[in-house]
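Reviewing the structure listed below.
Computed from a prediction, not measured in an experiment: that's the story for all the values here.
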Amino acid sequence: MKTIKSVQNLENKKIIVRVDFNVPVGDDGVVSDEEDWRIKASLPVIRYLLEKKAKIILMSHLGRPEISQKSIKLKVHKVRSQEYSLKPVANRLEKLLNKEVKFVDDCVGDEAKGAVGKMRAGEIILLENLRFYKEEENNNIEFAKKLSELADIYINNAFSVSHREHASVIAITKFLPSYAGLLLEKEVGVLSVAINNPEEPATVIVGGAKVETKLPMIKYLVNKFDNILVGGVVANKMLDSVLAEKHISNTPHLLRELPLSRGEYFQEMDDQNLKIKLPIDFVRENNKRLDIGVETAKLYSKIITDSKTVIWNGPMGLFEEDDFSSGTKEIAKAVARTKGYTIIGGGDTISAVDKFEDIEKIDCVCTGGGAMLEFLAGKKLPGIETLE
């Protein structure tokens with residue numbers, strides 16, 4: 001994968017960078033310092049380009065705005081919700097860099113071209129939300145060409161959207177010399193080593209929901225990792241399937257292939273080769289299992305602290321509510337105190353660690369939950385493949 005560090009001379013070059021600034025904006029129109037971690041993650045590549053005296057053009061999406069008017073001719077939409085404007089992000093980035101960041105109220109068209117045309121070396125522009133145009137998510141060639149006309153070089157620094165076939169990720173590479181940014185290079189490198197050559201014992205923690213996206217990851221990693229610890233909705237679905245039939249003969253095909261420990265029967269089993277460990281106890285409400293219990297937290301924590309590699313995606317329960325936060329809290333503390341190399345990903349997981357622990361103790365905070373899951377399932381990400 002070609003990286004921007006391989007380009008010798010960037011001075012006065014117009015560099016368009018796909019970043020992920022998809023962060024929560026408060027009702028007061030401000031991005032708080034508790035919610036700006038995705039912006040901070042892109043600071044190294046911005047500072048690198050500043051050192052090289054480049055002209056920096058940043059582009060991102062924010063949320064999923066409803067597009068109420070057709071944009072077939074790539075005209076500016078007359079109806080745009082300020083809720084999805086990137087202007088507050090420009091303000092936050094300006095404070096983090098202690099440097100002016102010019103905001104442009106469009107990402108293509110005359111306004112964007114005019115602003116870029118006036119740029120001097122070392123200046124920064126942030127374009128308006130890419131998703132104000134439906135062509136972005138449609139991977140539209142014409143839209144990508146319009147974006148490319150703003151720059152000399154393209155950088156993908158957004159691992160989190162590299163599993164998406166969007167115009168600012170895929171189609172734009174047809175028109176410009178294209179490279180990986182520092183953050184994309186780091187995340188791909190860390191995850192590649194973690195799944196192909198992890199220091200053992202290696203453990204994956206899988207929780208949260210989105211079972212259909214997490215089972216393929218479990219299947220891919222089950223023979224690569226020593227332990228797979230399951231919680232959240234994922235554990236509930238798997239445990240229900242296992243308990244429905246003692247020999248899991250009528251359960252989904254994938255579950256029949258996996259070496260599962262059988263939840264509440266785990267303590268009675270002596271076979272330590274069972275890699276996928278389901279909870280042995282729960283915190284319940286209205287017959288719903290909403291958190292792992294004390295015994296499971298102890299068991300999981302011991303495995304985690306003894307591990308040399310730990311990857312975590314998905315909380316252990318409904319951690320947003322105090323009554324069901326204990327399990328996720330204990331796992332967060334175990335991940336933070338282990339001496340092994342730690343990787344976390346997914347918005348809820350990051351929020352949980354930030355709530356219960358010092359996130360600075362984590363070695364790698366992966367910016368993309370969905371992209372991380374696909375990468376850990378052994379899938380090729382189109383945004384990375386196009387750079388190769």
Are [X] and [Y] close enough that some pair of their side-chain heavy atoms sits under 4.5 Å apart?
X	Y	result
Leu58	Leu93	yes
Ile46	Val17	no
Asp323	Val283	no
Ser178	Lys2	no
Asn313	Lys214	yes
Val204	Leu229	no
Trp37	Ile359	no
Leu215	Lys219	no

Quick one: does [X]'s side chain have a donor or acceptor within less than 3.5 Å of a partner on [Y]'s backbone?
X	Y	result
Thr296	Ile292	no
Ser325	Asp322	yes
Asn129	Arg131	yes
Ser307	Ala202	no
Thr349	Gly314	yes
Ser301	Ala334	no

- [ ] Share the residues that join Ile170 in a hydrophobic cluster, the rule being Ile, Leu, Val, Met, Phe, Trp or Tyr side chains under 4.5 Å apart at the heavy-atom level.
- [x] Val161, Val169

What heavy-atom pair brings [X] and [Y] nearest, and what distance separates the two atoms?
X	Y	result
Lys87	Phe103	N-CE1, 3.5 Å
Ser85	Phe132	N-CZ, 4.3 Å
Glu128	Cys107	O-CB, 3.5 Å
Cys364	Lys186	SG-CE, 4.4 Å
Val116	Leu150	CG1-O, 3.3 Å
Tyr154	Met59	CE1-CE, 3.7 Å

Membership question, hydrophobic clusters at under 4.5 Å side-chain separation (ILVMFWY): are [Y] and [X] in the same one?
X	Y	result
Val19	Ile125	no
Val193	Trp312	no
Leu126	Ile16	no
Met119	Val108	yes
Ile57	Ile124	no

[X], [atom1]: over 12 other non-hydrogen atoms inside 6.0 angstrom:
X	atom1	result
Lys302	NZ	no
Asp110	CG	no
Lys13	NZ	yes

Could you give the distance from [atom1] ([X]) to [atom2] ([Y]), rounded to the nearest 0.5 Å?
X	Y	atom1	atom2	value
Leu184	Ile4	CG	CD1	12.0 Å
Thr338	Ile362	OG1	CD1	9.5 Å
Asp106	Leu127	CG	CG	8.5 Å
Asn22	Leu130	CG	CG	11.0 Å
His166	His163	NE2	NE2	8.0 Å
Asp348	Lys210	CG	NZ	8.0 Å

Open item on the list: Any salt bridge linking Glu123 with Lys102? Criterion: basic side-chain nitrogen under 4.0 Å from a carboxylate oxygen.
Closed with: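 Yes, Glu123 and Lys102 are salt-bridged.
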
Task: Electrostatic pair Glu100-Arg120, nearest N-O below 4.0 angstrom - done: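 No, this pair does not count.
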
I'd like to know if the side chain of [X] pairs up with that of [Y] as donor and acceptor (distance under 3.5 Å, no hydrogens or angles considered).
X	Y	answer
Ser168	Glu136	yes
His61	Arg164	no
Glu187	Thr367	yes
Tyr179	Asn157	no

TODO: Please step through side-chain contact (heavy atoms from CB on, under 4.5 Å) for the pair Val30 and Val25, ending with a clear verdict.
DONE: CA-CA 6 Å; Val30 174; Val25 178; over 6 Å; no

Return all side-chain donor-acceptor pairs below 3.5 angstrom for residues 377-388, not counting sequence neighbours, or 'none' if the list is empty.
| residue | atom | partner | partner atom | Å |
| --- | --- | --- | --- | --- |
| Thr386 | OG1 | Thr173 | OG1 | 2.9 |

Task: salt bridge (Lys or Arg N to Asp or Glu O under 4.0 Å) partners of residues 34-60, not counting sequence neighbours, each pair once - done: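 Salt bridge (Lys or Arg N to Asp or Glu O under 4.0 Å) check on residues 34-60 returns Asp20-Arg38, Asp36-Lys40, Asp36-Arg92.
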
Task: Option from Ile331, Asn227, Ile344 for which side-chain contact (heavy atoms from CB on, under 4.5 Å) with Ile205 holds - done: Ile331

TODO: Using side-chain contact (heavy atoms from CB on, under 4.5 Å) as the criterion, point out the one residue from Met238, Lys237, Lys277 that pairs with Val230.
DONE: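 Exactly one option meets the side-chain contact (heavy atoms from CB on, under 4.5 Å) with Val230, and it is Met238.
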
Task: salt bridge (charged side-chain N to carboxylate O under 4.0 Å, His left out) evaluation trace for Glu330 with Lys298 - done: CA-CA 8 Å; Glu330 292 305 310; Lys298 286 181 181 178; over 6 Å; no

TODO: Show your reasoning for whether side-chain contact (heavy atoms from CB on, under 4.5 Å) applies to Ile39 and Val89.
DONE: CA-CA 8 Å; Ile39 304 174; Val89 175; 3.8 Å; yes

Task: Residues that Lys333 engages under salt bridge (charged side-chain N to carboxylate O under 4.0 Å, His left out), provided they are two or more places apart - done: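 Lys333 satisfies salt bridge (charged side-chain N to carboxylate O under 4.0 Å, His left out) with Glu357 only.
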
Open item on the list: So, using salt bridge (charged side-chain N to carboxylate O under 4.0 Å, His left out) as the criterion, who are the partners of Lys145 when residues are at least two apart?
Closed with: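 If we apply the salt bridge (charged side-chain N to carboxylate O under 4.0 Å, His left out) test to Lys145, skipping adjacent residues, the hits are Glu149.
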
Open item on the list: Determine whether Met217 and Val206 satisfy the following criterion, side-chain contact (heavy atoms from CB on, under 4.5 Å), listing intermediate values before the conclusion.
Closed with: CA-CA 9 Å; Met217 178 187 73; Val206 186; 3.4 Å; yes

Open item on the list: Taking the ring centre of each residue, are Phe324 and Phe319 less than 6.0 Å apart?
Closed with: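 Between Phe324 and Phe319, the centre distance exceeds or equals 6.0 Å.
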
Open item on the list: Run the side-chain contact (heavy atoms from CB on, under 4.5 Å) test on Glu295 and Leu299 for me, step by step, so that the C-alpha distance in whole Å, both residues' side-chain angles and the decisive distance to 0.1 Å come before the verdict.
Closed with: CA-CA 6 Å; Glu295 294 303 315; Leu299 173 68; over 6 Å; no

Task: Phe375 and Phe159 aromatic ring geometry - parallel, tilted or perpendicular at 30°/60° bounds - done: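 Correct class here is perpendicular.
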
Open item on the list: So, using side-chain hydrogen bond (donor to acceptor under 3.5 Å, both in side chains) as the criterion, who are the partners of Ser162 when residues are at least two apart?
Closed with: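 By the side-chain hydrogen bond (donor to acceptor under 3.5 Å, both in side chains) rule, Ser162 matches Asn156.
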
